[in-house]
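Taking it in order: structure first as C-alpha cells, then the write-up.
Side chains are part of it too, since the values below use all heavy atoms of this structure and drop only hydrogens, waters and symmetry mates. Nothing here was measured: the structure is a model prediction, and the numbers come from that model.
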Amino acid sequence: MAESMPVRCPACLREHLYAAPSYPCACGAPVRPSLDPRATTTAVTHRVWDEQWITVACTACGRRDQWPHPELGCPCGTVLRIPVARSVPDTRPTAAHAADAQAPAGTAKLPGALRAPRPSARPRRAFQPVTIRTARDAVTAAALYLRWLGYQDIRRADQRPPSGVGLAARGVLAQVDPTVSPASLRDIECLWLTAMTESSDCVYFSLAGYEDEARAGAETLGVPLFVLDLTGTPQPVNGPADDLDATGV
C-alpha cells in the first residue's frame, strides 16, 4: 500500500490526504519517495530546477535515481510541495566513472559521432510514461524517457536554449519544447551547434511537432526528433529517433 499522510494547504488551510507516487526503477521495482510527516508543507511560488528533483533509492536493488519532487495541486489554486525524508547522497563511483579512471593518462575522449558503434541494446522493460498536463510535465516526461534510454545524471543544461527547456546528461544535450508552435529548422540547428561545441549527441522533444524544413534538416544533421503525446510517451518522427528508440545508449 502506498505511503500517505495528511497535508494542509498554507493558503486556504484545507487538509488533503496525500499518497506518494511511484516510479519504475531500471530493475522493474516501483520506487516511492519517503514522506516526512514532521516537516511543513510549503507553497510553490518560484520554481528552481534543483528543488524539483530528489534522489530516491530503490529498496529492491539499491539503485539511486532522481525523480520529480512530490507536489499536489489544491483546489484554491496553490501548488503544494510535499516534504520528503532526505537520503544521504550516494558518492560511490559509477561504472562509467570507474572506466574513465582506468583509462591511460592523456587519452582523449572522442566526440559521440566518432565513437565506435554501440552494440545492440539488451531487452528493456516498457517505458512508463507520465501524463502531460503542464509544461513541467512535458519536461519530466522527456527526462524519464532519456533515463529509460540509458542516460544518467540528467540535469538542466548550462546554456538556456532559444525556446523551451534544455536538459543535459553524460554524452547528450536535449531540448524540450512545450509550446503550441512546431519547432523550426533554426531550433534544430541551434541545438545541433550547441551539442557540437560540447562534443555531445543531441535530441529534440516537441509537443507541437516540426516544420517540414526542420524535419529535413534534422535528417541531414542526424538529430533524433520526438513528438510528446499527451500520455507522455515520446514518439520518434525521423530515422535517427527510430534508431535511438530501438537501441537506447
Side-chain contact, heavy-atom cut-off 4.5 Å: [X] with [Y]?
| X | Y | answer |
| --- | --- | --- |
| Cys202 | Ile188 | no |
| Leu144 | Gln128 | no |
| Pro234 | Leu228 | yes |

Applying the 4.5 Å side-chain criterion to the ILVMFWY set and letting contacts propagate, would [X] and [Y] be lumped into a single cluster?
| X | Y | answer |
| --- | --- | --- |
| Val176 | Val172 | yes |
| Val130 | Leu230 | no |
| Leu193 | Tyr210 | yes |
| Val223 | Leu149 | no |
| Val31 | Ile82 | yes |

Residue pair Gln175, Thr194: steps toward the side chain to side chain contact (heavy atoms under 4.5 Å, CB included) verdict:
CA-CA 11 Å; Gln175 185 167 335; Thr194 304; over 6 Å; no
Atom pair [atom1] ([X]) and [atom2] ([Y]), whose distance is rounded to the nearest 0.5 Å:
| X | Y | atom1 | atom2 | answer |
| --- | --- | --- | --- | --- |
| Glu211 | Ser184 | CD | OG | 5.5 Å |
| Arg14 | Arg8 | CZ | CZ | 11.5 Å |
| Leu191 | Arg186 | CG | CZ | 12.5 Å |
| Thr41 | Glu15 | OG1 | CD | 9.5 Å |
| Asp245 | Phe127 | CG | CZ | 10.0 Å |
| Leu35 | Met5 | CG | CE | 5.0 Å |

Can you label the angle between the Phe205 ring and the Phe226 ring as parallel, tilted or perpendicular, going by 30° and 60°?
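Judged by the thresholds at 30° and 60°, the geometry between Phe205 and Phe226 is parallel.
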Using only atom types and a distance under 3.5 Å, with no angle test, would you say the side chain of [X] pairs donor to acceptor with the backbone of [Y]?
| X | Y | answer |
| --- | --- | --- |
| Asp137 | Thr134 | yes |
| Arg64 | Ala57 | no |
| Asp229 | Gly232 | yes |
| Asp36 | Pro83 | no |

Thr78 vs Cys12, test: side chain to side chain contact (heavy atoms under 4.5 Å, CB included). Steps then yes/no.
CA-CA 9 Å; Thr78 303; Cys12 69; over 6 Å; no
Is it the case that over 12 heavy atoms from other parts of the model lie below 6.0 angstrom from the CD atom of Glu213?
no
Distance-minimising heavy-atom pair for Glu219 and Pro240
OE2-CD, 3.5 Å
Before giving the answer on side chain to side chain contact (heavy atoms under 4.5 Å, CB included), spell out for Ser206 and Leu225 the whole-Å C-alpha distance, their side-chain angles and the decisive distance to 0.1 Å.
CA-CA 8 Å; Ser206 173; Leu225 302 182; over 6 Å; no
